[in-house]
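Reading through the structure tokens given below for one structure.
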Amino acid sequence: MSDLPRPGGAGGSSPDGAAGRTFLVTGGNTGIGHATAVALARDGGRVYITSRSAAAGETAVSAIKAAAGAETVWPLPLDLASLASVRSCAAAFLERDEPLHVLVNNAGVGGQRGQTQDGFEQHFGVNHLGHYALTSLLLERLKASGPGARIVNVSSEAHYDAPGVDFDALRRRTRSFTGMREYAVSKLCNVLFTQELARRFTGLGVTSYALHPGVVASDIWRRVPWPARAVIKRRMLTVDQGAVTSVYCATSGAVLAESGLFYDKCRVREPSPVATPELAGQLWTHSAEWTGLGLSPLVIAGYRRSRRASSRSGSNSSTGFPDGSSIIT
């Protein structure tokens, strides 16, 4: 008997549940992403999974269909270490001309050393910057897909170990031996990105969530040097157990009341105090510059609506962003 999580909800067009809704899960060919895709497809969702290898993607789709007892699963090629690949993946999905109700930014690397094709530290480039670019490129489709659209970022409690973000270091090769210091920073970036999405998407009908999946024995640790890999994988959760909170954030109607929160074991948990609006704004500014993807017109429109509403209520709230940028109306 599988212990994969089963999404709840009424199904159909309801934002509570998976049935009748379209999901894109990065890294869905293995680990937590694979388990997440199985749960969503089994509950009636239309699921796209990404994989760096086309062959691995096709193999994973066959396995997911068999495990879920469903045929509504398709592969998309994506290498998050390449911004060109991210653009191609987004274009390939958009060409299918179907809604996107939930984007699950799940794929990631841990314990690696090096740089991405575009010259960013490996963990930051894959775990954050590639997902920032993908999210930006798919934002308008998410907004157009109706109520309950959301972005789910798989972070980690490792983000508590990051003292902050050294933006200069993000343009250099991994410095630490195990890569865990850089991994923690990338997971902090996931939390910061989620919070800033919530601030900038106010009024747009798209919510965002970050989560700790638990300490999971997944393929993310495959390049951690031995014997460190054996040590960190002791007493870890299964990938099925690790997918529970991802599925919850992707399908539960209970999370829609608030956006930008950090979840652990399907419950809200206070993130690191380092995750401030100021740092989140700085991260957004750098991410927009480094990817060439700035503010979406939808985000600008949302802030304009917010400003008009504030004016009508007599509020003096600013329409400026935490990074100091602002909207000219």
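Just the heavy atoms: all of them, side chains too, but no hydrogens, waters or symmetry mates, feed the values below. Quantities reported herein were computed from a predicted structural model and do not represent experimental measurements. We're numbering straight along the sequence, starting at 1.
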Say whether Leu129 and Tyr183 are linked into one hydrophobic cluster, either directly or through other cluster members, by side-chain heavy-atom distances under 4.5 angstrom.
no
Donor-acceptor pairs under 3.5 Å, side chain of residues 256-263 to any protein atom, not counting sequence neighbours: which ones?
| residue | atom | partner | partner atom | Å |
| --- | --- | --- | --- | --- |
| Ser259 | OG | Ser208 | N | 2.9 |
| Ser259 | OG | Ser208 | OG | 3.4 |

Validation row: Ile49, Trp74 side chains within 4.5 angstrom (heavy atoms):
no
Those residues that, when tested against Ala63, pass side chain to side chain contact (heavy atoms under 4.5 Å, CB included) (two or more places apart):
His34
I'd like to check Leu211 versus Val152 (side-chain heavy atoms, cut-off strictly below 4.5 Å). Are they in contact?
yes
Can you list every pair that meets salt bridge (charged side-chain N to carboxylate O under 4.0 Å, His left out) and has a residue in residues 98-119, with sequence neighbours left out?
Arg46-Glu98
Is a side-chain donor or acceptor of His159 paired with a backbone partner of Ala275 at a separation under 3.5 angstrom?
no
Assess whether a salt bridge exists between Glu140 and Lys143, defined as any Lys/Arg side-chain N lying under 4.0 Å from an Asp/Glu carboxylate O.
no
Working to the nearest 0.5 Å, report the span between CG of Leu134 and CZ of Phe93.
10.0 Å
Any side-chain heavy-atom pair of Ser272 and Val191 under 4.5 Å:
no
For residues 74-97, the salt bridge (charged side-chain N to carboxylate O under 4.0 Å, His left out) pairs (sequence neighbours left out) are none
Counting N and O atoms only, with roles assigned by atom type, does the side chain of Arg269 sit under 3.5 Å from a partner on the main chain of Glu157, one being a donor and the other an acceptor?
no
Is the distance from the ring center of Tyr48 to that of Phe23 below 6.0 Å?
no
Look only at the side chain of Ser186 and the backbone of Phe124, and say whether a donor-acceptor pair between them is shorter than 3.5 Å.
no
With salt bridge (charged side-chain N to carboxylate O under 4.0 Å, His left out) as the rule and sequence neighbours excluded, what pairs involving residues 56-70 come up?
Lys65-Glu71
Interatomic spacing from NZ in Lys265 to CD in Gln241 - rounded to 0.5 Å:
11.0 Å
Looking at Trp290, does the NZ or CZ of Arg171 lie under 6.0 angstrom from its six-membered ring centre and within 45 degrees of the ring axis?
yes
Please name all residues satisfying side chain to side chain donor-acceptor pair (under 3.5 Å) with Arg172, sequence neighbours left out, ordered by chain then number.
none
Any side-chain heavy-atom pair of Val255 and Arg150 under 4.5 Å:
yes
Start with the C-alpha distance between Ser287 and His128, add both sets of side-chain angles, then the distance that settles side chain to side chain contact (heavy atoms under 4.5 Å, CB included), and finish with yes or no.
CA-CA 9 Å; Ser287 299; His128 166 70; 2.8 Å; yes
Find out whether Val274 and Tyr160 are in side-chain contact, i.e. whether some heavy atom of one side chain is under 4.5 Å from a heavy atom of the other.
no
Going by the side-chain hydrogen bond (donor to acceptor under 3.5 Å, both in side chains) test, name the single residue among Thr135, Thr26, Thr194, Asn127 that passes it with Asn105.
Thr135
Just by modelled atom types, is the Asp16 backbone N or O under 3.5 Å from a matching donor or acceptor in the Thr251 side chain?
no
Are the side chains of Leu103 and Val25 in contact, using a 4.5 Å heavy-atom criterion?
no
When you look at Tyr248 and Ser246, which way does the side-chain hydrogen bond (donor to acceptor under 3.5 Å, both in side chains) test go after all the steps?
CA-CA 5 Å; Tyr248 176 77; Ser246 292; over 6 Å; no
The test is side-chain hydrogen bond (donor to acceptor under 3.5 Å, both in side chains); show your working for Gln122 and Thr116 and say whether it passes.
CA-CA 5 Å; Gln122 188 75 11; Thr116 67; 5.8 Å; no
Mind checking whether Leu279 and Tyr132 sit in one hydrophobic cluster, side chains of I, L, V, M, F, W, Y counted as touching below 4.5 Å?
no
Could you give the distance from CZ (Phe167) to OG1 (Thr285), rounded to the nearest 0.5 Å?
8.5 Å
Donor-acceptor check, side chain of Thr174 to backbone of Gly114, threshold 3.5 angstrom: yes or no?
yes
Of Val206, Leu139, Asn153, which is the lone residue that meets side-chain contact (heavy atoms from CB on, under 4.5 Å) with Leu197?
Asn153
Does a side-chain heavy-atom distance below 4.5 Å link Leu78 with Val86?
yes
Pairwise side-chain contact, Phe120 with Val126, heavy-atom cut-off 4.5 Å (strictly under):
no
Shortest non-hydrogen separation from Leu188 to Val165 and the atoms involved
CD2-CG2, 4.0 Å
How long is the gap from CD on Gln195 to CG on Leu283, to the nearest 0.5 Å?
10.5 Å
